[in-house]
Amino acid sequence: MEPAEGNIKSLNFIEAIIEEDLKNGKHKDKIHFRFPPEPNGFLHIGHAKSICLNFGLAEKYNGLCNLRFDDTNPTKEETKYVESIQEDIQWLGFKWHDKPYYASDYFDQLYEWAVQMINEGKAYVDEQTQETISQQRGVPTRPGTESPYRNRPVEENLELFERMKNGEIKDGSMILRAKVDMSSPNMHMRDPIMYRVLHAHHHRTKDKWNIYPMYDYAHGQSDYIEGITHSLCTLEFEIHRPLYDWFLDQVADGPRPRQIEFARLNLSYTVMSKRKLLELVNKNLVSGWDDPRMPTISGLRRRGYTPESIRDFADRIGIAKRDNVIDVSLLEFSVREHLNRIAPRVFGVLDPIKVILTNYPEDKVEVLEIENNPEDPESGKRKIPFSREVYIEREDFMENPPKKFFRLGPGSEVRLKGAYIIKCEDFKKDEQGNIVEIYCTYDEATKSGGHDQRKVKGTLHWVSVDHAIDAEIRLYDRLFLDEDPAGHKDVDFKEFLNPDSLKVLQNCKLEPSLKDAVAGDKFQFQRLGYFCVDLDSKPEHLVFNRTVPLRDSWTKNN
RNA sequence: UGCCUGAUGGUGUAAUUGGCAACACGUCUGAUUCUGGAUCAGAAGAGUCCAGGUUCGAGCCCUGGUCGGGCAACCA
C-alpha cells in the first residue's frame, strides 16, 4: 500500500494549501483539524471519507484532530449515536486528540458572546412569526426587508434574550438574530438566526437550556475555541463561509480557523443521506443501522469489510471540489485486495450435491494438508478430512456442458483441490429430473503433492460428507437496483430497493475447521468469495455473511 | 432573471514558475496457476466543455458563452 519509491503521490488541493501555509510559517503551533458529526444517526462511508481526510491529515502533518459532537439540536440527537460514532472512528483506526469534545460544552461561552453582540448592536431579538420572517428574507434574486424589531434598544434585547434563556418564552415565538445584511445576495447573510427557543431535554446539558444556538453561529465559534486551524467541510457549506467568517470577526482576536470545502462522496447504487438511511431503518426495510447492506460503517463492518480496506478506498478516491460518483466496485476492489492478503482459504459448499467415489474404500478417511493462504507463506497449513462421499457445488456439474466448461460433466475429469483427480462415470436423477447424486472414480496416483503431474483444466472445492458442518449463509447484493436511487424527482428512492438484496441459504456445508469460528472472523471460501462470521452466529448455528464474491470472469462472460 | 461553485479517457484523481496530458479502477490481449481468484506482461481508450485572445508554446493566463452542483429550515 506504500507508494513505490519515486512514485510520490501528488498532493490534493487541501494538502497543497497546508504545505503552502507551513512553508510560510503561518501556523505557530501544530495544525489542528476536527471531525464534527451531529449525533443524530450512524456514520456512513461518506463520513469515512471525511474522517480519513481530517485524521489522516493530522497524522501526515504531525498535527491534531478533535472529535467534536455538533450537538446543538436536542430534538434529533441521542446518546446511542454518540457511542456508535466513537466506536466507528476507533474501529477505523483513528485516535482523536485529548477527549471527545461537544459543542454543548461551549453553550455558556456562546451565550456570553451573544450577549456581547447584543451590547454591540450586532444582534437583536425578533418576535415575528416564522412565516413573516421567512417572507421578509425575500428571494435570492431580490433583497429582503428588515424586521421592525431590528433596531430595538439594546436594553430591551438584553432583557428579552434573558427571558428566552430563562424559559419564559414559548417555543418558536422569539429568536435571536445577527444583524448582518438583509440585502445580501447570499441568503445566509440576511440576518441569520443565532438562537431559537427550544424547551427540549438535551442529552448532555439536560434541562439547563431553553435556547439553543444554530449551526452557523455555533460551528465556527467552536472551531475557534478549540484552536482549529483548518475546518474542512463539504461543498454545500461553501455559501456559509462568509457567515462563518463574519461570526468569527465578532469575537476572534487571535489566529482563526479557515474553512475549506471539498466534494462529498457519492457511491453508486446506494443512498447516503442520514435521513434516508434512518427511514430504511425505521420502516424495517433493513434490519438496522448495521444491516450488512447499509453503507454505514457499522454495516460495512458487519458485512466483513476491514478498516484497512476502507482507508485504502478513501485514499483511492481522492479529494477534490468537483461532484463525483464513485462506482461501488471500487469499494469492492479495496476489500478484495486486503482480504486476499489476510483471509485464510477454506472450503464451503453453498448448494451441495453429493459425489460418490465408487472406487474409494468405504470406511477410509484420509487427512489431507492444505495451505491456509498461498498469498501468505506465514499462514501455515491445516488438515482436512477426505472420504468416499463429498459434497461439491451443484453448479459445478452440468449434464450437457458447453465447450469451455472446465468443471464436471459426464465422462470429464476435474481435480478436487488438495485431493485427487476424479472422473464422472454416472449420475442419478429423481422423479422431477433433478440430479441428486454423481458417481465418480478417483485416480489414486494423482494425490495432491504427489509425483504425478497430470493436469486437468478444472479444480473444484469440496467438503467430506461425513465431516461437514452445517451453516447458514447470507448472500448480499446491492440494496438498490438503480445507480442513483435518490436522483429521481418523481420516484421515491425506496421504489428502487432490490428485492433480492439478501438471500439466506440454509444447510450449507463447511469444512470442519470452521466449527470454532467466531463473529468477525474472515475467510475466503475458495472459488466463491470472502465471507465473515455474523453477529448472529452461535456455535450450534453458524451464520456467515458474504462480504463480496471473487472476481469471476466465467459467469461474467456467460 | 441573483449569488457561490465546478468542468481533464467509462469512473476517480494528477499534471511544480505556462513546456510531449500521468496514475489507479474498469475494459481487452497474452503468460502463469491444483481457486475461471491472485500474480506477471502488454494494449486500447481523453487531446482537457465551447468560441475567441495573449504567447515560440495554454489543461493551466484573459474575455465571452454552454452545461452541472449548491443556496431562500427556528436542520447540520
Side-chain angles (χ1 to χ4, degrees), chain A residues 3 7 9-12 16 36-38 40 70-73 75-77 103 126 129-130 133-135 137-144 171-177 184-190 193-198 211-212 214-216 218-219 233-242 261 263 268 274-275 315-327 329-330 332-334 336-337 340-341 345 347 370 374-375 404-407 414-419 421 446 448-449 453 455-461 524-529 549-558:
Chain A
N7 178 20
K9 210 177 169 211
S10 51
L11 303 178
N12 63 49
E38 181 187 13
N40 68 343
D70 220 336
D71 54 351
T72 56
N73 185 358
T75 64
K76 289 184 178 172
E77 295 150 8
D126 200 337
T129 64
Q130 201 168 144
I133 289 173
S134 165
Q135 270 171 23
R137 201 172 349 247
V139 291
T141 49
R142 278 195 310 279
D171 278 17
S173 57
M174 277 185 201
I175 54 171
L176 182 72
R177 287 228 255 176
S184 171
N186 181 342
M187 297 297 287
H188 295 280
M189 301 298 273
R190 323 249 260 224
I193 297 172
M194 293 172 65
Y195 274 95
R196 75 280 216 191
V197 177
L198 236 41
I211 53 173
Y212 291 91
M214 300 290 292
Y215 166 84
D216 284 301
H219 195 86
C233 63
T234 44
L235 251 27
E236 66 268 31
F237 292 101
E238 207 155 24
I239 195 134
H240 294 243
R241 194 180 342 122
E261 311 83 13
S268 63
K274 277 196 269 186
R275 204 207 97 239
D315 228 51
R316 287 171 185 280
I317 59 177
I319 298 293
K321 293 197 75 159
R322 90 182 82 150
D323 295 316
N324 61 84
V325 182
I326 306 296
D327 201 297
S329 62
L330 189 63
E332 295 179 341
F333 170 84
S334 287
R336 286 199 188 99
E337 165 114 327
N340 178 47
R341 296 197 327 261
R345 272 56 172 170
F347 290 161
I370 298 196
E375 304 293 321
K404 284 205 162 175
F405 188 74
F406 302 149
R407 312 177 195 177
V414 295
R415 172 172 289 280
L416 294 181
K417 186 168 174 71
I421 290 178
T446 60
S448 197
Q453 292 305 308
K455 302 228 184 290
V456 284
K457 200 73 177 153
T459 301
L460 307 185
H461 60 279
Q524 185 197 92
F525 284 13
Q526 207 114 121
R527 300 213 305 135
L528 297 175
L550 251 30
R551 277 187 74 214
D552 182 357
S553 52
W554 164 252
T555 50
K556 196 181 68 181
N557 295 323
N558 289 275

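First the proteins, then the strands, lettered A, B, ... as listed; each starts at 1. Predicted model only: the values in this text are computed from it and were never measured.
Below the 3.5 angstrom threshold, one finds a donor paired with an acceptor across the side chain of Arg322(A) and the base of rU8(B). Taking only distance into account, the side chain of Ser329(A) never meets the base of rC25(B) through a donor-acceptor pair shorter than 3.5 Å.
Taking atom CG of residue Asp70(A) and atom P of nucleotide rA76(B), one finds them 7 Å apart after rounding to whole Å. Taking atom CD of Glu332(A) as the reference point, atom C1' of rG37(B) lies 15 Å away to the nearest angstrom. When rounded to the nearest whole Å, the span between CZ of Arg316(A) and P of rC25(B) equals 6 Å. One atom, OH of Tyr215(A), and another, P of rA73(B), lie 17 Å apart when rounded to the nearest Å. We find that CD of Glu236(A) is positioned 16 Å from C1' of rA72(B), with the value rounded to whole Å. Regarding His219(A), its NE2 atom lies at a distance of 17 Å from the P atom of rC75(B), rounded to whole Å. Between Lys556(A) atom NZ and rG37(B) atom C1' there is a gap of 12 Å when expressed in whole angstrom units. The distance from atom CZ of Arg407(A) to atom P of rC34(B) is 18 Å, rounded to the nearest whole Å.
Spacing between rG26(B) and rG64(B) at atom P, rounded to whole Å, works out to 43 Å. When the P atom is used for both rG37(B) and rA21(B), the distance is 35 Å, rounded to whole Å. For the P atoms, the distance from rC56(B) to rC50(B) is 24 Å, rounded to whole Å.
Nearest nucleotide to the Glu38(A) side chain, out of rC74(B), rC75(B), rG36(B): rC75(B). Minimum atom distance to the side chain of His240(A) is reached by rA76(B), of the listed rA76(B), rA73(B), rC25(B). Nearest to the side chain of Asn324(A), among rG26(B), rA76(B), rU13(B), sits rU13(B). Of the listed nucleotides (rC25(B), rC34(B), rC74(B)), rC34(B) has the atom at the smallest distance from the side chain of Arg415(A). Candidate nucleotides rA14(B), rC74(B), rC34(B) were compared by shortest atom distance to the side chain of Lys417(A), and rC34(B) ranks first. Nearest to the side-chain atoms of Ser553(A) among the listed nucleotides rA72(B), rA14(B), rG36(B) stands rG36(B).
Classification of Lys76(A) and Glu38(A) as a salt-bridged pair fails, no side-chain N sitting under 4.0 Å from a carboxylate O.
The phosphate of rA76(B) has OP1 or OP2 within less than 4.0 Å of a side-chain N or O from Thr72(A).
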With 3.5 Å as the limit, what N/O pairs link the protein to nucleotides 2-5 of chain B?
none

Pairwise N/O distances under 3.5 Å, protein to nucleotides 38-45 of chain B:
residue	atom	partner	partner atom	Å
rA38(B)	OP1	Arg551(A)	NH1	3.3
rA38(B)	OP2	Arg551(A)	NH1	3.2
rA38(B)	O2'	Asn340(A)	ND2	3.2
rA38(B)	O2'	Glu375(A)	OE1	3.1
rA38(B)	O2'	Glu375(A)	OE2	3.0

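For Arg336(A) (side chain) and Pro549(A) (main-chain N/O), a donor-acceptor pair under 3.5 Å exists by modelled atom type.
With a cut-off of 3.5 Å on both pairing distances, the Watson-Crick and G-U wobble pairs of RNA chain B assemble into stems of 3 or more at B:2-7 with B:66-71, B:10-13 with B:22-25, B:27-31 with B:39-43, B:49-53 with B:61-65.
Within 4.0 Å (heavy atoms only), Lys455(A) reaches sugar-phosphate atoms of the nucleic acid but no base atom. Here Phe406(A) lies in heavy-atom contact (under 4.0 Å) with a base.
The CD atom of Glu77(A) sits 6.0 Å away from the OG1 atom of Thr72(A) when rounded to the nearest 0.5 Å.
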